[in-house]
Asks: 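Input: one structure, supplied below.
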Amino acid sequence: MRLAFVSLVLCSCLVYSTIGDQLPLCGDNCSCIFVDNKESAKVTCTKNVQILVTNPTTWINPDTNSSYQYLEITMTNQNFIELNFTFPANDLTYLNLAGNDIYRIKDSVFMNLQKMKVLILSGNDLELLSPHAFKGLYLPEGYEPLRALRELRLDHNRLHTLNQDIFEHTTDLEILDLSYNPFKVLDPHTVNAIDSLPMLKELYLSYTEITTLPDLILNAPKFLSLLDLSGNPINTVPKTLVNSHNLTTLYFNNTAFVNITVDNGFPDIPTVKVLHLCNLQNLERIEKGSLAGLTGLEELYVKDNIKLTYLDPFALPKTNEKSGGAVWPLLKKLNLANNKLAYLDSDFIARWDSLTELDILDNPWTCECENQWLVEDLTPLYLKIDNGKASHVKCGAPVEMVGFTFVELYDRQYKMRCLDLYGAQPEKDAALLVGVLAGVLIAIPVILFGIYAYQRRWFGIFNMCDNSPAAYSRRFYSTTSSDEYI
Ligand SMILES: *[C@@H]1O[C@H](CO)[C@@H](O)[C@H](O)[C@H]1NC(C)=O
Ligand SMILES: *[C@@H]1O[C@H](CO)[C@@H](O)[C@H](O)[C@H]1NC(C)=O
Ligand SMILES: *[C@@H]1O[C@H](CO)[C@@H](O)[C@H](O)[C@H]1NC(C)=O
Ligand SMILES: *[C@@H]1O[C@H](CO)[C@@H](O)[C@H](O)[C@H]1NC(C)=O
Ligand SMILES: *[C@@H]1O[C@H](CO)[C@@H](O)[C@H](O)[C@H]1NC(C)=O
Ligand SMILES: *[C@@H]1O[C@H](CO)[C@@H](O)[C@H](O)[C@H]1NC(C)=O
């Protein structure tokens with residue numbers, strides 16, 4: 001009953017139909033979700049509508065001369081090749097032309113779409129973009145702008161450079177996605193293009209084959225808060241990040257770091273709150289001070305790094321050279337899941353009790369006394385933070401502890417054993433120890449006897465082995481004056 005009621009309520013405010021209503025695009029080849037009392041629609045066309053699209057009557061009602069109210073349009077698999085028609089005036093706010101084999105965009109194609117906030121051109125064959133591809137209409141206050149455009153997605157194309165004037169008509173862009181384009185290097189034209197976007201907030205440069213960021217690229221976008229550099233062969237954090245003004249979220253997933261150190265690690269960027277270092281195939285160590293520049297860090301994701309075995313206890317804190325004191329950032333979320341970590345130092349973060357999220361699952365934790373605090377101190381906290389995750393943390397070593405959960409050990413107030421100085425396992429060495437002890441016990445009287453015998457010169461053989469000059473003279477004198485002693 002209740003389910004039927006809920007679906008009735010849902011249906012009354014969102015009418016879904018695949019059959020065309022009054023909107024020409026809502027036919028066989030597009031599905032439409034009607035909103036605002038069926039007045040406008042979100043349209044998704046996955047089958048061929050090329051003929052429809054280029055026909056003005058699809059956009060403007062010939063009876064009233066008013067535009068049809070498409071709110072959002074998604075067209076894929078259209079095989080457009082060239083965008084060489086101009087969209088008629090329309091109030092759509094979202095246009096998605098992903099996956100249409102577009103390699104060329106004629107000038108001013110979108111100029112009549114002055115309400116369009118989001119334009120998605122992902123997954124096409126774009127290699128060169130004309131600086132006027134995004135040209136809009138004449139406006140006294142701007143240079144023929146596409147004035148509503150805030151989000152432009154050009155990912156998964158073939159771009160390796162951008163014309164430096166490419167964004168002169170879209171100066172208010174806040175989100176720019178250039179991921180998965182073979183840039184290799186961000187040349188000066190591309191840098192100028194990006195620098196012409198003063199309102200930019202999110203910049204996606206993942207999988208662009210770049211090894212670093214050019215200096216000055218972050219000077220102009222004063223509001224830039226998110227930067228994605230994932231999937232690039234980067235093994236040094238670009239120093240130019242210190243020039244950013246409001247960078248809060250940084251993605252370095254799947255980059256080429258092996259050891260993150262003070263030298264190749266993060267410079268001082270106190271604005272950064274969220275850092276993702278996930279899925280780094282080669283990452284082995286996060287060393288002391290390597291993350292210390294991120295003094296405002298709140299969320300740290302170090303996840304799915306299949307070779308990561310070492311996390312320095314002092315990776316995060318900033319040490320004061322003069323006083324020697326250290327200041328940790330106040331983390332709220334920490335994710336260390338699915339690495340190869342065996343030990344975790346209790347000093348890695350300052351306040352485990354301030355965490356609201358914690359994931360340390362899927363690591364080969366060694367259940368020995370260095371990790372006793374994980375069981376004794378962290379487990380009760382962890383149970384409060386995330387009961388589900390906390391109860392699944394397990395020992396990965398030594399063999400006799402494998403599979404025990406931390407919660408079991410905590411409940412039993414289990415004291416984990418300690419390794420000796422050389423990392424040997426004492427209980428396994430017991431037999432050896434007994435042997436050694438027996439050997440020592442037997443050896444002592446033998447040695448004492450030996451020393452006594454030596455002093456008494458019972459065995460000339462002792463002297464024969466010793467060829468030092470002193471021994472020689474001793475031998476010499478012993479043969480001459482031996483009578484005196486005996
Ligand atoms: C719908 O798609 C089919 C196959 O993709 C195509 O043959 C047909 O002409 C399309 N209809 C319209 C109205 O565009
Ligand atoms: C629509 O516009 C055309 C050309 O501008 C004009 O000839 C026609 O009379 C208009 N029709 C209506 C219904 O306004
Ligand atoms: C638009 O481009 C398509 C594909 O390249 C081509 O077949 C068509 O003739 C072009 N139309 C115009 C008006 O240039
Ligand atoms: C900085 O970025 C955050 C979003 O991460 C935003 O809420 C804040 O308003 C920005 N501050 C400035 C001064 O741009
Ligand atoms: C990473 O650190 C380890 C241990 O200090 C060292 O043996 C290794 O050579 C380092 N690798 C690189 C690429 O720096
Ligand atoms: C980075 O990796 C994490 C974990 O796999 C994932 O949740 C996050 O979405 C990734 N972010 C990017 C931008 O790749």
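Each residue takes its place number in the sequence, starting with 1. Whatever order the structure lists them in is the order used to number ligands and atoms, beginning at 1.
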Asks: Restricting to side chain to side chain contact (heavy atoms under 4.5 Å, CB included), what partner residues turn up for S130, sequence neighbours left out?
Replies: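 Partners of S130 under the side chain to side chain contact (heavy atoms under 4.5 Å, CB included) test: D107, H132.
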Asks: What short N/O contacts, under 3.5 Å, does ligand 1 make with the protein, listed by atom pair and distance?
Replies:
{"residue": "ligand 1", "atom": "2 (O)", "partner": "N29", "partner atom": "OD1", "Å": "3.3"}
{"residue": "ligand 1", "atom": "2 (O)", "partner": "N29", "partner atom": "ND2", "Å": "2.2"}
{"residue": "ligand 1", "atom": "11 (N)", "partner": "N29", "partner atom": "ND2", "Å": "2.9"}
{"residue": "ligand 1", "atom": "14 (O)", "partner": "N48", "partner atom": "O", "Å": "3.2"}

Asks: Short list, please: which atoms of ligand 4 are under 4.0 Å from a heavy atom of F223?
Replies: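 Listed by number with element, the hits are 14 (O).
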Asks: Any N/O of T248 closer than 3.5 Å to an N/O of ligand 4?
Replies: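 Between T248 and ligand 4, an N or O pair is found under 3.5 Å apart.
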Asks: Taking side-chain contact (heavy atoms from CB on, under 4.5 Å) as the criterion, tell me which of T249, L300, V302 meets it with L275.
Replies: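 When side-chain contact (heavy atoms from CB on, under 4.5 Å) is applied between L275 and each of T249, L300, V302, only L300 qualifies.
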Asks: For K115, run the side-chain contact (heavy atoms from CB on, under 4.5 Å) check against L92, D91, L149, N90 and tell me which one passes.
Replies: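 Testing K115 for a side-chain contact (heavy atoms from CB on, under 4.5 Å) against L92, D91, L149, N90 leaves exactly one candidate, D91.
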Asks: Hey, which atoms in ligand 5 end up nearer than 4.0 Å to a heavy atom of N259?
Replies: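 Taking each heavy atom of N259 in turn, ligand 5 has 1 (C), 2 (O), 3 (C), 8 (C), 10 (C), 11 (N), 12 (C), 14 (O) under 4.0 Å.
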Asks: With salt bridge (Lys or Arg N to Asp or Glu O under 4.0 Å) as the test, would you mind laying out the steps for E174 and K201 before giving the verdict?
Replies: CA-CA 5 Å; E174 292 173 1; K201 290 186 176 138; 3.7 Å; yes
Asks: Contact between L341 and L308 at the side-chain level, heavy atoms closer than 4.5 Å - yes or no?
Replies: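 In contact.
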Asks: Would you say N264 and I260 make side-chain contact, with heavy atoms under 4.5 Å?
Replies: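 Yes; the side chains approach each other to less than 4.5 Å.
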Asks: Would you say L119 and E151 make side-chain contact, with heavy atoms under 4.5 Å?
Replies: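 L119 does not reach E151 side chain to side chain.
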